[in-house]
Participant: 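Starting off with a structure, shown below.
What you see is a predicted model, and the numbers here were worked out from it, not measured in a lab. Within every chain, numbering begins at 1; the chains are lettered A, B, ... in the order of the sequence lines, protein sequences first and strands thereafter. Hydrogens, waters and symmetry mates are skipped; everything else that's a heavy atom, side chains included, is used.
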Number of protein chains: 2
Amino acid sequence: MNIGEAAKASGVSAKMIRYYESVGVIPAAQRSESGYRRYDDAAIHTLRFVRRARDLGFSVEDITRLLALWRDRNRSSADVKALALAHIKTLQGKIAAMEDMVATLRHLAEHCHGDARPDCPILEDLAGTGEDVAAR
Amino acid sequence: MNIGEAAKASGVSAKMIRYYESVGVIPAAQRSESGYRRYDDAAIHTLRFVRRARDLGFSVEDITRLLALWRDRNRSSADVKALALAHIKTLQGKIAAMEDMVATLRHLAEHCHGDARPDCPILEDLAGTGEDVAAR
DNA sequence: CCTTGACCTTCCCATTGTTGGAAGGTCCAT
DNA sequence: ATGGACCTTCCAACAATGGGAAGGTCAAGG
């Protein structure tokens, strides 16, 4: 398979496949006589792995580690689990931060008339003029 | 105030102040004889506004708009509110996506022994070998 | 056999927000 | 006058992705 077909088969764009290769996430592909990258089923399988890991929000760096563990028949599942748990924590941290933002924003928006008049607690809060729209 | 003091007073780093100026979020600062940027209280106030908006997750582009609205005495609060609500939606979308990831990961991690053995439902899922670890 | 269109190659650029550093000028206190 | 703390601009890097240019390759059809 050429890179285009590999892209379709794996759900990873050709651009990204080349990128992953360049940064060492996946090994360099075989090349045809003329220099085209060739992909066999095993390579596609790896690409799907990468795709799925990205969908779960793992960083490229983490994916490199996960792939190494995947290939390592002597891995300990503890190592994999630790990576997953750390990632969960990272995600939860981001979620919490965003939820705080949403809570504040929703609160401010609720108190904003949203009409043609200029008075707006949202701007007042941003400006620090708000005298607190009921305790943030 | 020089940029360093302005940075301390506003909570925005000197680097970022220059950046915001360069991309037009804030107007170009006054300059001293020797070319140093000078900041007065109004400028600090604006910087604090930017800081607070960034803390709430607004993009630089949104902040530029918010500042324009802030300065516009004829704004309608509806415009501000619309911006805030759109931002809330964006955040909620990201939160939902991350929560999905966390749910999947947590489920997989729960089923992973996390010991010295290599068997690991997490890797199996990523590899697509898992035969589904109880319906994702 | 040659053209055409779809594919491939590499290389560079842009994005978003932030930080780091280098090379050089300024300010103030000693 | 010298040093240290500040300032200036410019350039690079991060993460992950997409866009595009310039050029080579392959297969089908005339």
Side-chain angles (χ1 to χ4, degrees), chain A residues 1-26 28-40 43-44 47 49-67 86-87 90-91 93-94 97-98 101, chain B residues 1-26 28-40 43-44 47 49-67 86-87 90-91 93-94 97-98 101:
Chain A
M1 289 171 115
N2 283 342
I3 199 169
E5 301 164 273
K8 261 176 214 154
S10 66
V12 180
S13 74
K15 280 272 189 197
M16 279 300 103
I17 294 177
R18 293 194 196 97
Y19 171 72
Y20 291 143
E21 182 183 312
S22 82
V23 297
V25 173
I26 53 175
Q30 302 286 99
R31 297 292 185 128
S32 71
E33 291 286 312
S34 55
Y36 282 22
R37 268 170 267 248
R38 314 301 326 252
Y39 298 87
D40 57 18
I44 301 297
L47 286 172
F49 184 105
V50 174
R51 176 77 215 288
R52 177 99 184 109
R54 286 279 327 126
D55 287 349
L56 287 176
F58 283 104
S59 70
V60 161
E61 199 184 343
D62 280 353
I63 296 175
T64 307
R65 292 199 202 110
L66 286 169
L67 277 172
H87 181 44
T90 302
L91 287 172
K94 289 183 184 173
M98 289 192 187
M101 294 176 192
Chain B
M1 291 170 113
N2 285 342
I3 199 169
E5 302 164 273
K8 260 176 214 155
S10 66
V12 179
S13 74
K15 282 273 190 196
M16 278 300 102
I17 296 176
R18 293 195 196 96
Y19 172 72
Y20 291 143
E21 181 183 313
S22 81
V23 298
V25 173
I26 55 175
Q30 302 287 99
R31 298 290 185 129
S32 72
E33 292 286 311
S34 55
Y36 283 20
R37 269 169 267 248
R38 313 302 326 254
Y39 297 87
D40 57 18
I44 302 296
L47 286 171
F49 183 106
V50 174
R51 175 78 215 288
R52 176 100 184 108
R54 287 274 332 121
D55 286 349
L56 288 175
F58 283 104
S59 69
V60 162
E61 200 185 343
D62 279 353
I63 296 175
T64 307
R65 291 200 203 109
L66 286 168
L67 277 172
H87 182 44
T90 302
L91 288 171
K94 289 183 185 172
M98 290 191 185
M101 294 176 191

Participant: May I have the distance from B:Asp62 (atom CG) to C:dG17 (atom P), rounded to whole angstrom?
Facilitator: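 Atom CG in B:Asp62 sits about 9 Å away from atom P in C:dG17.
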Participant: How long is the straight-line distance from CD1 of B:Ile63 back to CD1 of B:Ile26, given to the nearest 0.5 Å?
Facilitator: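 Spacing of CD1 (B:Ile26) from CD1 (B:Ile63) equals 11.0 Å.
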Participant: Between P on D:dT8 and CD on B:Gln30, what's the gap in Å once rounded to a whole number?
Facilitator: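 My rounded result for the distance is 14 Å.
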Participant: Rounding to an integer number of Å, can you tell me how far B:Arg38 CZ sits from C:dT26 P?
Facilitator: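 Distance check: B:Arg38 CZ to C:dT26 P gives 15 Å.
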Participant: Each nucleotide in nucleotides 16-27 of chain D should get exactly one letter: B, S or -. Can you fill that in based on protein heavy atoms under 4.0 Å?
Facilitator: BBSBB---BBS-
Participant: Can you measure B:Ile3 atom CD1 to D:dA5 atom P for me and round it to whole angstrom units?
Facilitator: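 Rounding to the nearest Å, CD1 of B:Ile3 and P of D:dA5 are 19 Å apart.
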Participant: Can you name the nearest heavy-atom pair linking B:Ala29 to B:Arg37, along with the distance?
Facilitator: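 It is CB-CG, 3.6 Å.
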Participant: Under 6.0 Å from the CD atom of A:Gln30, do we count more than 12 heavy atoms belonging to anything else shown?
Facilitator: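 Open.
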Participant: Between B:Asn2 and B:Arg38, does any side-chain donor sit less than 3.5 Å from a side-chain acceptor?
Facilitator: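 Yes, B:Arg38 and B:Asn2 have a side-chain donor paired with an acceptor closer than 3.5 Å.
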Participant: Nearest whole angstrom, please: distance from the P of D:dA15 to the NZ of A:Lys94.
Facilitator: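 The distance from NZ of A:Lys94 to P of D:dA15 comes to 12 Å, rounded to the nearest Å.
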Participant: How would you list, by chain and number, every residue that makes a salt bridge (charged side-chain N to carboxylate O under 4.0 Å, His left out) with B:Glu33, sequence neighbours excluded?
Facilitator: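 Once residues adjacent in sequence are excluded, B:Glu33 has no partner under the salt bridge (charged side-chain N to carboxylate O under 4.0 Å, His left out) criterion.
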Participant: Take atom OH of B:Tyr39 and atom C1' of D:dT8, then tell me their distance rounded to the nearest Å.
Facilitator: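 Atom OH in B:Tyr39 sits about 12 Å away from atom C1' in D:dT8.
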Participant: At under 4.0 Å between heavy atoms, what does A:Arg31 touch on the DNA or RNA strands: base, sugar-phosphate, or nothing?
Facilitator: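 Sugar-phosphate, no base atom in range.
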Participant: Roughly, in whole Å, what's the span from CZ in B:Arg18 to P in D:dC11?
Facilitator: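 Roughly 15 Å, once rounded to whole Å.
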Participant: Would you mind checking if A:Arg65 and A:Asp62 are paired as a salt bridge, meaning a charged N to carboxylate O distance below 4.0 Å?
Facilitator: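 Yes, A:Asp62 and A:Arg65 are salt-bridged.
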Participant: Give a yes/no answer on whether the side chain of A:Arg37 brings an N or O atom under 4.0 Å of OP1 or OP2 in C:dC8.
Facilitator: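 So the side-chain polar atoms of A:Arg37 never come under 4.0 Å of the phosphate oxygens OP1 or OP2 of C:dC8.
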